[in-house]
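Throughout, a chain's letter reflects where its sequence line sits, starting with A, and its residues are numbered from 1.
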Protein chains: 2
Amino acid sequence: MELLSASLAAYYGDFTVAAADENLTASQGKTLNVLRRGPASMSTLATTLTCDASNMTGIVDRLEKRGLVRREPSASDRRVKNVVLTAEGERVIDVIRGNMHRTLAGLDRLDEDERAALGALLERVFTPQPAAARA
Amino acid sequence: MELLSASLAAYYGDFTVAAADENLTASQGKTLNVLRRGPASMSTLATTLTCDASNMTGIVDRLEKRGLVRREPSASDRRVKNVVLTAEGERVIDVIRGNMHRTLAGLDRLDEDERAALGALLERVFTPQPAAARA
DNA sequence: TATTGTTATACTCTATAACTATA
DNA sequence: TATAGTTATAGAGTATAACAATA
């Protein structure tokens with residue numbers, strides 16, 4: 001538990017610095033990171049980022065103004081808007097992930113088997129909920 | 001990398017909810033969590049939380065107003081103020097940690113050896129820097 | 001009736017720059 | 001000169017409450 005807390009702080013700090021290098025806040029960076037898996041509705045994004053739905057409006061507004069994401073109407077539910085990464089958005093999030101030097105260097109200290117073991121343990125502890133967009 | 005990102009997002013969300021249950025923001029909760037290890041100067045706290053020193057003034061102000069921390073002058077450097085957890089602050093951060101239900105339940109899925117293995121792997125990846133207060 | 005997304009509001013977080021006190 | 005902490009300021013994140021459109 002102690003180590004989880006310290007590890008999170010190190011990872012989060014690394015991510016925040018890498019996002020700031022691209023003139024993005026941590027929340028904006030996290031949003032792009034979630035969208036790498038595919039489009040997501042506003043409410044799905046809010047749930048995934050553990051924040052209120054009303055916050056997502058402003059965050060997505062700023063990302064959209066910079067051309068990193070796009071709002072698209074859902075075909076099946078006219079209330080829903082799906083948020084999609086643009087090509088530029090994909091480029092920026094890839095740059096950010098590549099600039100997480102401390103984390104990447106840390107993972108390099110493990111061999112392939114050790115990385116697999118770490119992944120398996122994390123998966124058992126956290127069992128992430130997949131967040132998909134509606135069609 | 002993918003699993004690290006998802007796992008730490010789950011941990012961070014769990015922590016944020018637990019802190020909110022005690023009417024604290026994530027930054028306030030993280031500050032209390034850092035101080036569990038012992039007193040720290042304002043600048044040490046800022047470095048550990050990956051934020052500018054000027055932010056810590058407001059965060060510590062609010063925690064102090066609620067009686068959760070205390071500013072103490074450093075004996076060796078009169079510019080420095082060390083921040084210390086009060087008894088109430090210790091109680092609150094312990095409550096928050098005990099309310100991280102999803103994370104605690106996840107860790108329960110591992111036996112003792114597996115928890116040790118996870119800790120060792122995380123330690124090798126992140127090698128946390130100890131942050132101590134000045135005397 | 002319930003849900004999705006937005007708006008309005010108030011408070012908190014955040015970085016930058018300028019300042020005081022101390023080293 | 002440099003460093004620790006504070007203040008002032010502006011932009012961004014956050015929850016709550018109220019709203020329109022849709023289900």
remark   = When every non-hydrogen atom of B:L32 is compared with those of B:G89, the smallest separation belongs to CD1-O, 4.4 Å
query = Quick one: what's the B/S/- string for nucleotides 5-11 of chain D, heavy-atom cutoff under 4.0 Å, read 5' to 3'?
reply = SBB----
inquiry  = Rounded to the nearest 0.5 Å, what separates atom CE in B:M42 from atom NZ in B:K81?
reply    = 7.5 Å
remark   = Atom CD of A:E64 and atom C1' of C:dT6 are separated, to the nearest Å, by 13 Å
request  = Using a cut-off of strictly less than 4.0 Å, decide whether A:R78 has a side-chain nitrogen or oxygen near OP1 or OP2 of C:dT4.
outcome  = no
inquiry  = Nearest whole Å is fine: how far is C:dA10 C1' from B:N23 CG?
reply    = 15 Å
Check: A:M56 and A:C51 side chains under 4.5 Å, non-hydrogen atoms = yes
Qualifying ring pair (Phe, Tyr, Trp, His ring centres under 6.0 Å) pairs, either residue in residues 12-49 of chain A, two or more places apart = A:Y12-B:Y12
inquiry  = Can you measure A:K30 atom NZ to D:dG13 atom P for me and round it to whole angstrom units?
reply    = 10 Å
ask   = Between B:L24 (CG) and D:dA15 (C1'), how many Å, whole number?
value = 15 Å
remark   = Separation of C:dT12 atom C1' from B:E22 atom CD, nearest Å, is 18 Å
task = Report yes if at least one side-chain N or O of B:T25 is closer than 4.0 Å to OP1 or OP2 of C:dT12; otherwise report no.
result = no
request  = Round to the nearest Å and state the distance from A:D77 atom CG to C:dG5 atom P.
outcome  = 8 Å
query = What residues form a salt bridge (charged side-chain N to carboxylate O under 4.0 Å, His left out) with A:R36, not counting sequence neighbours?
reply = A:D94, B:E2
key: Whole-Å gap separating P (C:dT12) and CD1 (A:I59)   = 19 Å
ask   = Is it true that A:E112 and A:R115 have a side-chain N and a carboxylate O under 4.0 angstrom from each other?
value = no
ask   = Just how far, in rounded Å, is C1' of D:dT14 from CD of A:Q28?
value = 14 Å
